Amino acid sequence: MQLSTVDPISLPPTRKLAALLISDVHLKQESPQTAAAFFQFLENVGTQTQQLYLLGDLFEYWAGDDDRDAPFNARVVSALRKLSDVGVKVFWMAGNRDFLVGPAFMLATGATYLRDPSVVSIAGRSIVLTHGDAQCTDDVDYQLFRSQVRAARWQQDFLARPLPERLVVINQMREQSRVAQSVKTQQIMDVNTQAVDALFTATDTSLMIHGHTHRPGVHESVLNDERVVRHVLPDWDFENGATRGGGIAIDANGIVAAVNVCS
């Protein structure tokens, strides 16, 4: 298991929050209300934090960094760059939808890439961060697919294809995923408790934050005679009257709280 460790950073004391963490915004041009909520969140809430952690699936899909100049993608890149330029440290972790984000995106946005999982120190607390899909081990078919598309050789070969061809393949993958999920049980698509416990043990942490499952909540248990807490981030959807989204905030004292952006 490869881990990244992020040390505490010193940023202007005017920032009210130590960190904000979000995931599963699933940005795409076809969801303008969700995009508008995200941009407003960056302007109104994102500027109030020292660090912003994007824990996967910020985009509904990402065909490669050579697509970052498409108008919609360029707007997202610009918004993140603006946040970086005012002193907010932005961290990026790949999800199951945007695992092809690469170095050019990091350079353009000013973001720092995090491996999945990563152990970070925020306001004196050691936290393991993960997108969450690797812990859905009951979904065997998905894990096989994940292993394939996360392989360096597969990504190299795929990114060598022309961009229009990649976009067609990605749309096919999205449709196949939608069909596959329609016949899977909710339990199979949720994280496996043993996989979660294994990650706690491997990282020697007692606090975990992840997304992916679209089942926000707080889960507490006892592992090896120690209390462990797992926070699940919500997904975002503001289309057709829906108002779903938010994240997690950690203040300077290490207190963890939900952030609701639906009001």
Side-chain angles (χ1 to χ4, degrees), residues 11 14-60 75-76 79-80 82-84 86-93 95-98 109 111 114 120 122-125 127-133 135 186 189-191 196 206-221 228-263:
L11 285 173
T14 53
R15 301 285 188 255
K16 297 179 181 179
L17 296 172
L20 284 169
L21 305 97
I22 63 173
S23 71
D24 300 279
V25 187
H26 293 278
L27 292 171
K28 57 182 178 179
Q29 187 172 348
E30 297 80 5
S31 298
Q33 299 303 318
T34 302
F38 172 72
F39 292 133
Q40 185 177 32
F41 169 82
L42 292 188
E43 292 179 3
N44 297 342
V45 185
T47 54
Q48 301 302 310
T49 188
Q50 296 183 32
Q51 303 171 88
L52 173 66
Y53 290 85
L54 307 170
L55 298 186
D57 287 2
L58 176 65
F59 295 96
E60 173 67 9
R75 188 181 176 194
V76 178
L80 294 175
K82 183 177 179 180
L83 206 61
S84 295
V86 298
V88 178
K89 187 66 175 176
V90 179
F91 294 96
W92 169 278
M93 180 179 286
N96 54 293
R97 298 279 184 169
D98 49 18
T109 59
L114 290 179
V120 302
I122 302 174
R125 304 193 67 175
I127 309 171
V128 58
L129 305 179
T130 179
H131 177 59
D133 59 328
Q135 285 68 51
Q186 293 297 314
M189 292 188 290
D190 202 355
V191 296
V196 168
S206 59
L207 178 59
M208 181 185 302
I209 300 175
H210 72 81
H212 179 66
T213 64
H214 299 190
R215 301 176 189 181
V218 182
H219 304 268
E220 299 185 26
S221 60
V228 295
V229 181
R230 176 171 61 93
H231 291 265
V232 185
L233 294 161
D235 64 313
W236 292 46
D237 184 3
F238 287 78
E239 307 306 316
N240 303 315
T243 54
R244 187 169 71 246
I248 287 175
I250 303 177
D251 70 12
N253 297 315
I255 297 175
V256 180
V259 175
N260 188 343
V261 297
C262 298
S263 57

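Hydrogens, waters and symmetry mates are skipped; everything else that's a heavy atom, side chains included, is used. Owing to the predicted nature of the structure, the values given are computational and were not obtained by experimental measurement.
Of all the heavy atoms in Trp236 and Gly246, the pair that sits closest is NE1-O, 3.0 Å. The heavy-atom pair separating Met189 from Thr213 by the smallest distance is O-CG2, 4.3 Å. Heavy-atom minimum distance, Leu52 versus Leu83: CD2-CD2, 3.6 Å. Scanning all heavy atoms of the two residues, the minimum distance from Gln33 to Phe238 falls at CB-O, 3.1 Å. When all heavy atoms are compared, the tightest approach of Thr34 to Glu239 is N-OE2, 2.6 Å. Counting all heavy atoms, side chain and backbone alike, Gly245 lies closest to Pro234 at C-CG, 4.1 Å.
Looking at heavy atoms from C-beta onward, Leu233 lies in side-chain contact with Ile248 at the 4.5 angstrom threshold. Counting heavy atoms from C-beta on, the side chains of Val120 and Tyr53 come closer than 4.5 Å. Inter-residue side-chain proximity for Met208 and Val228 is flagged as unmet; no heavy-atom pair is nearer than 4.5 Å. You'll find the side chain of Thr109 stays beyond 4.5 Å of the side chain of Val76, heavy atoms only.
Taking a 6.0 Å sphere around CG of Asn240, one finds it holds 12 or fewer heavy atoms contributed by other residues, nucleotides or ligands.
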(request) Walk me through it: do Val218 and Val229 pass the test side-chain contact (heavy atoms from CB on, under 4.5 Å)? (result) CA-CA 7 Å; Val218 182; Val229 181; 3.7 Å; yes
(message) One pair to check against side-chain contact (heavy atoms from CB on, under 4.5 Å): Leu55 and His210. What are the steps and the verdict?
(response) CA-CA 7 Å; Leu55 298 186; His210 72 81; 5.9 Å; no
(message) Evaluate Arg230 against Val191 for side-chain contact (heavy atoms from CB on, under 4.5 Å), listing each step before the verdict.
(response) CA-CA 11 Å; Arg230 176 171 61 93; Val191 296; 3.4 Å; yes
(message) Between Ile127 and Val256, is the side-chain contact (heavy atoms from CB on, under 4.5 Å) condition met? List the steps.
(response) CA-CA 11 Å; Ile127 309 171; Val256 180; 5.7 Å; no
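Between the side chain of Asp251 and the backbone N or O of Leu17, no donor-acceptor pair lies under 3.5 Å.
The distance from the CG atom of Leu80 to the CZ atom of Phe39 is 8.5 Å, given to the nearest 0.5 Å.
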Show me the side-chain donor-acceptor pairs of residues 19-31 shorter than 3.5 Å, one per line, residues at least two apart or across chains.
from  : atom 1 : to     : atom 2 : distance (Å)
Asp24 : OD1    : His214 : NE2    : 3.4
Asp24 : OD2    : His212 : N      : 2.8
His26 : ND1    : Glu60  : OE1    : 2.9
His26 : NE2    : His214 : NE2    : 3.3

